[in-house]
Protein chains: 2
Amino acid sequence: MTRALTAKGAATRQRIVAGAAELVRTRGADQVGLDDIRAATATSKSQLFHYFPDGRAELLRAVAAHEAGEVLNDQQPFLDELGPAGTWKAWRDAVVQKYQEQGIHCPLSALTTQLGPADPGIRVIVADLLETWHTRIADGIRRAQGEGLAEPSLEAEKTASSILAAIQGGVVMMQATGNIEFLKVPLDAAIADVEPVAGA
Amino acid sequence: MTRALTAKGAATRQRIVAGAAELVRTRGADQVGLDDIRAATATSKSQLFHYFPDGRAELLRAVAAHEAGEVLNDQQPFLDELGPAGTWKAWRDAVVQKYQEQGIHCPLSALTTQLGPADPGIRVIVADLLETWHTRIADGIRRAQGEGLAEPSLEAEKTASSILAAIQGGVVMMQATGNIEFLKVPLDAAIADVEPVAGA
DNA sequence: ATCGGACTGGACTGTTGAGTCCAGGCTTGT
DNA sequence: ACAAGCCTGGACTCAACAGTCCAGTCCGAT
């Protein structure tokens with residue numbers, strides 16, 4: 001990374017990334033040009049290239065990293081608690097509500113499918129996110145097992161994969177159909193083994 | 001649609017769509033220009049606009065429709081059989097193998113996430129596909145119930161949603177991580193209620 | 001055979017958008 | 001105070017690419 005970054009510079013850089021992320025989220029990566037970002041963040045072309053010498057590609061990688069961080073940040077409090085009865089339901093509700101608010105706009109699928117294939121760097125960021133996310137869920141499952149709230153025979157890693165896939169798949173289907181049930185139903189089914197509370 | 005289409009014309013049009021679909025699948029929609037399609041299909045600019053007067057957008061809609069048809073075509077034989085013991089496993093294996101071969105390239109997620117947000121016409125195509133797919137799976141679940149191979153209390157529609165979400169989510173995660181286990185495991189878990197055979 | 005219309009080739013236009021450049025303003029350490 | 005160098009503005013270049021245009025060729029019906 002570039003060293004020598006004053007407080008002002010860091011703030012500007014941050015403003016650019018946040019603004020660009022917002023645009024990418026709502027419009028899709030290929031619908032966002034440097035001029036759009038420039039306008040939305042009250043910056044100039046030279047600033048964009050000052051902070052991201054490799055241009056658009058580097059900026060989008062920063063956006064991906066930013067969005068990946070946000071995904072975990074949003075869920076952090078819930079993920080840490082996962083285990084005891086009720087915590088899974090609370091987390092589920094938070095996830096559902098989040099995507100309901102965002103509507104069509106998913107920071108991840110936008111980046112994965114749009115830029116992932118073309119940019120290995122972004123794929124790595126997404127893969128890291130998924131791995132971390134997966135680990136947190138698996139940890140929660142083990143805690144549930146420790147408290148006798150889930151079958152000891154349950155394989156934490158595999159169950160975590162199912163839960164995570166239910167979310168990813170549910171979001172994809174929700175984006176295409178506009179129906180949030182396609183997220184709720186699979187997610188409820190996936191967590192049924194650790195939180196036997198059906199949500200209608 | 002354009003009327004008056006001779007056999008030759010129809011063949012050319014078909015060649016364009018198939019060639020464009022191939023490119024979109026492998027490179028991603030935003031990485032495919034009309035000139036690429038022109039070169040790959042041995043056609044000229046004027047032919048593209050002759051068959052798709054609305055240009056790139058119309059051509060991509062045709063590609064989306066084509067790909068959606070392919071997804072169902074590939075699975076048609078398996079979907080029709082779903083119900084009896086062993087049919088779910090066979091279908092699962094076909095799906096897994098298909099995506100293993102395709103690797104990163106999923107015709108659907110490419111179109112949904114890349115073009116869906118910008119083009120409502122494409123979202124409709126994808127939504128229709130998902131609905132049809134969902135219905136076929138639900139039908140299979142009801143047949144399994146009819147033969148006493150699945151719990152009568154199982155809600156076919158909801159279970160079908162879970163299975164479909166497992167596929168969609170599994171594919172997304174596989175694309176990001178390159179690990180096909182993220183498709184196999186959730187899908188096996190999702191069909192466990194109708195085909196209690198674990199695949200490792 | 002010949003006329004209308006489907007079909008094709010390829011040059012041309014106009015725009016969009018990434019990346020460059022340089023001149024000047026502002027911060028920071030000494 | 002005063003350099004060194006971080007920071008900013010905005011005009012400029014250049015390539016890529018969607019879409020246009022027209023001069024044709026080929027096919028089918030009469």
Side-chain angles (χ1 to χ4, degrees), chain A residues 1-24 26-64 111 114-115 117-119 121-122, chain B residues 1-21 23-24 26-64 111 114-115 118-119 121-122:
Chain A
M1 304 296 169
T2 327
R3 224 125 335 110
L5 202 57
T6 66
K8 188 182 178 187
T12 302
R13 195 195 130 102
Q14 169 58 23
R15 195 173 77 241
I16 293 171
V17 172
E22 164 85 18
L23 287 174
V24 168
T26 54
R27 287 195 216 164
D30 57 331
Q31 296 298 316
V32 176
L34 294 187
D35 282 327
D36 299 315
I37 296 171
R38 198 185 44 64
T41 59
T43 50
S44 67
K45 249 335 180 14
S46 55
Q47 290 182 68
L48 297 184
F49 282 86
H50 178 71
Y51 294 106
F52 306 95
D54 282 350
R56 191 182 138 91
E58 185 181 356
L59 173 48
L60 286 177
R61 274 194 295 273
V63 167
L111 289 165
Q114 287 173 24
L115 305 172
D119 187 336
I122 288 193
Chain B
M1 302 295 170
T2 327
R3 225 126 333 112
L5 203 55
T6 66
K8 189 181 176 187
T12 302
R13 194 194 130 102
Q14 168 58 22
R15 195 173 76 243
I16 293 171
V17 172
L23 288 175
V24 168
T26 55
R27 288 196 216 163
D30 57 332
Q31 295 298 314
V32 177
L34 293 187
D35 282 327
D36 299 315
I37 296 171
R38 199 184 43 63
T41 59
T43 50
S44 67
K45 246 345 179 7
S46 54
Q47 290 182 66
L48 297 184
F49 282 87
H50 178 69
Y51 294 105
F52 306 95
D54 282 351
R56 194 182 136 91
E58 185 181 356
L59 173 48
L60 286 177
R61 274 192 297 273
V63 167
L111 289 165
Q114 287 172 24
L115 305 172
D119 187 334
I122 289 193

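Chain A is the first sequence line, chain B the second, and so forth, proteins listed ahead of strands; every chain is numbered from 1. What you see below is based on every heavy atom in this structure, not just the backbone, and it leaves out hydrogens, waters and symmetry mates. Predicted model only: the values in this text are computed from it and were never measured.
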Rounded to whole Å, how long is the line connecting atom [atom1] of [X] with atom [atom2] of [N]?
| X | N | atom1 | atom2 | value |
| --- | --- | --- | --- | --- |
| B:H50 | D:dA23 | NE2 | P | 18 Å |
| B:F52 | C:dC7 | CZ | C1' | 14 Å |
| A:Y51 | D:dG5 | OH | P | 17 Å |
| B:K8 | D:dG28 | NZ | P | 9 Å |
| A:I16 | D:dC7 | CD1 | P | 11 Å |
| A:R38 | C:dT16 | CZ | C1' | 13 Å |
| A:R15 | D:dC7 | CZ | P | 12 Å |
| B:D30 | C:dA18 | CG | P | 12 Å |

What's the spacing between [X] [atom1] and [Y] [atom2] if we round to 0.5 Å?
| X | Y | atom1 | atom2 | value |
| --- | --- | --- | --- | --- |
| A:T41 | A:R13 | OG1 | CZ | 13.0 Å |
| A:F52 | A:I16 | CZ | CD1 | 5.5 Å |
| B:L60 | B:D54 | CG | CG | 12.0 Å |
| A:L48 | A:E58 | CG | CD | 11.5 Å |

- Closest approach of B:R56 to B:D30 (non-hydrogen atoms, all atoms of both residues):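 For B:R56 and B:D30, the tightest heavy-atom pair comes out as NH2-CA, 4.4 Å.
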- Under the salt bridge (charged side-chain N to carboxylate O under 4.0 Å, His left out) test, which residues partner B:R15, sequence neighbours left out?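 Listed in chain order: nothing, the list is empty.
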- Partners of A:R38 by salt bridge (charged side-chain N to carboxylate O under 4.0 Å, His left out), sequence neighbours excluded?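 Residues passing salt bridge (charged side-chain N to carboxylate O under 4.0 Å, His left out) with A:R38: A:D35.
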- Task: Go along nucleotides 10-20 of chain D 5' to 3' and tag each nucleotide: B for a protein heavy atom under 4.0 Å from its base, S when only backbone or sugar atoms are that close, - otherwise.
- Result: BB------BBB
- Query: If we fit an axis to the first five pairs and another to the last five of the helix from C:dA1-D:dT30 to C:dT30-D:dA1, what angle do they make, to the nearest 10°?
  - Reply: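 One end axis against the other gives 20°.
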- Query: Between C:dC7 and B:T6, is there an OP1 or OP2 to side-chain N/O distance shorter than 4.0 Å?
  - Reply: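 Answer yes for this pair, as a side-chain N or O of B:T6 is under 4.0 Å from OP1 or OP2.
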- Does A:Q14 have any side chain to side chain contact (heavy atoms under 4.5 Å, CB included) partners at least two apart in sequence or in another chain, and if so, which?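 By the side chain to side chain contact (heavy atoms under 4.5 Å, CB included) rule, A:Q14 matches A:A18, A:H66.
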- Item | With A:S46 via side-chain hydrogen bond (donor to acceptor under 3.5 Å, both in side chains) - residues at least two apart |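 Only A:S44 meet the side-chain hydrogen bond (donor to acceptor under 3.5 Å, both in side chains) criterion with A:S46.
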